[in-house]
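First listed ligand is number 1; within each ligand, the first listed atom is number 1. The first residue of the sequence shown is numbered 1, and numbering continues consecutively from there.
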Amino acid sequence: KEQNKMVELEQKLETFADIGGLEEVKKKVKLDFILPIQSPEVFKAYGKELSGGLLFYGPPGCGKTFLARAIAGEIHAHFLHLDLPSILSKWSGEAEQNLHEFFEDARRKTPCVLFIDELDAVGGNRQAMNSHHERTLVNQLLMELDGTKSNNEGMYVIGATNTPWYLDPALRRPGRFNSLIFLPPPNLDGRKEILSIKTDGKPQEDLQLDLIAKYTEHFSGADLEYVIKDAIDLAIAKAFETGEIQPLTNQDLLTSMKKRQPTTLDW
Ligand code: ATP
């Protein structure tokens with residue numbers, strides 16, 4: 001327990017309480033992923049066990065990374081973020097080596113959630129994939145993932161992509177990224193909850209979050225976070241002008257909301 005606490009302090013990971021909306025997703029992830037990790041004996045009694053990793057997809061800014069971090073927070077594990085494009089190298093062989101080292105590092109840091117972002121950057125089943133270079137990198141990734149069952153004990157892999165339909169089918173086979181989960185843009189209730197979480201504890205005055213939620217259809221969680229950040233900047237500016245702490249107002253939220261365009265529509 002002591003050790004778990006240290007991991008939390010070190011990484012300040014989120015938990016499910018920090019996620020607004022996504023009720024169905026949270027329920028599914030809890031049942032299919034978190035509980036089998038926390039209570040494997042219950043699942044074993046029914047002949048079930050955790051197999052393979054989750055694959056998140058959906059428009060940008062709708063919580064793929066955030067949810068992966070929160071899962072790590074829930075199970076008190078380290079969170080390791082692998083940004084695939086960043087390990088791609090023009091030198092043949094170097095990217096595979098980078099990938100291998102990343103997995104080796106993860107194996108030393110168990111329990112850990114290994115989050116692989118932009119999977120389609122290497123696992124995209126497109127023409128570019130025909131290049132020998134990309135093929136060998138995907139093969140290396142498959143090899144590392146298949147190790148998950150034996151020497152990858154305590155390493156929980158979650159992948160993310162905005163375009164799952166481009167993924168190399170080999171990555172979707174059982175035991176790999178077999179559980180596909182869609183993270184949609186937040187609905188009305190979800191937006192209200194996200195706004196409420198992001199304004200919680202800040203000086204504020206009669207915020208009508210229902211109203212802001214209504215006006216922000218198609219906004220992602222990230223878009224809403226920006227609205228709140230900009231509104232807070234307005235309140236801070238007023239605080240400096242007047243020389244005293246000023247509450248965040250509805251007007252601040254409306255002003256900053258009008259400056260933002262929703263980003264989930266282009267997806
Ligand atoms: P990308 O595809 O661009 O990588 P993503 O889906 O991984 O996007 P995140 O990085 O998870 O998006 O989200 C960006 C930020 O938006 C998060 O740091 C978080 O603060 C906020 N956010 C997104 N969705 C939610 C949510 N459901 N509840 C609370 N905050 C959210």
*Applying the 4.5 Å side-chain criterion to the ILVMFWY set and letting contacts propagate, would Leu180 and Trp165 be lumped into a single cluster?*
yes
*Kindly write out the residues that satisfy side-chain contact (heavy atoms from CB on, under 4.5 Å) with Ser256, not counting sequence neighbours, or none if the list is empty.*
Val227, Asp230, Ala231
*List for me each residue that meets side-chain contact (heavy atoms from CB on, under 4.5 Å) alongside His81, sequence neighbours excluded, and say none if there are none.*
Thr65, Phe79, Phe115, Asp117
*Hey, is the main chain of Glu14 close enough, under 3.5 Å, to the side chain of Arg69 for a donor-acceptor pair?*
no
*asked:* Taking Pro186's backbone N and O only, do any of them form a donor-acceptor pair with Arg191's side chain (distance below 3.5 Å, no angle check)?
replied: yes
*Would you check ligand 1 and list the protein residues that come within less than 4.0 Å of it by any heavy atom, ordered by chain and number?*
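Protein residues near ligand 1 are Asp18, Ile19, Gly20, Leu22, Pro60, Gly61, Cys62, Gly63, Lys64, Thr65, Phe66, Asn162, Ile194, Lys198, Gly221, Ala222, Glu225.
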*Could you name each residue pair satisfying ring pair (Phe, Tyr, Trp, His ring centres under 6.0 Å) that touches residues 46-74, not counting sequence neighbours?*
Tyr57-Phe182
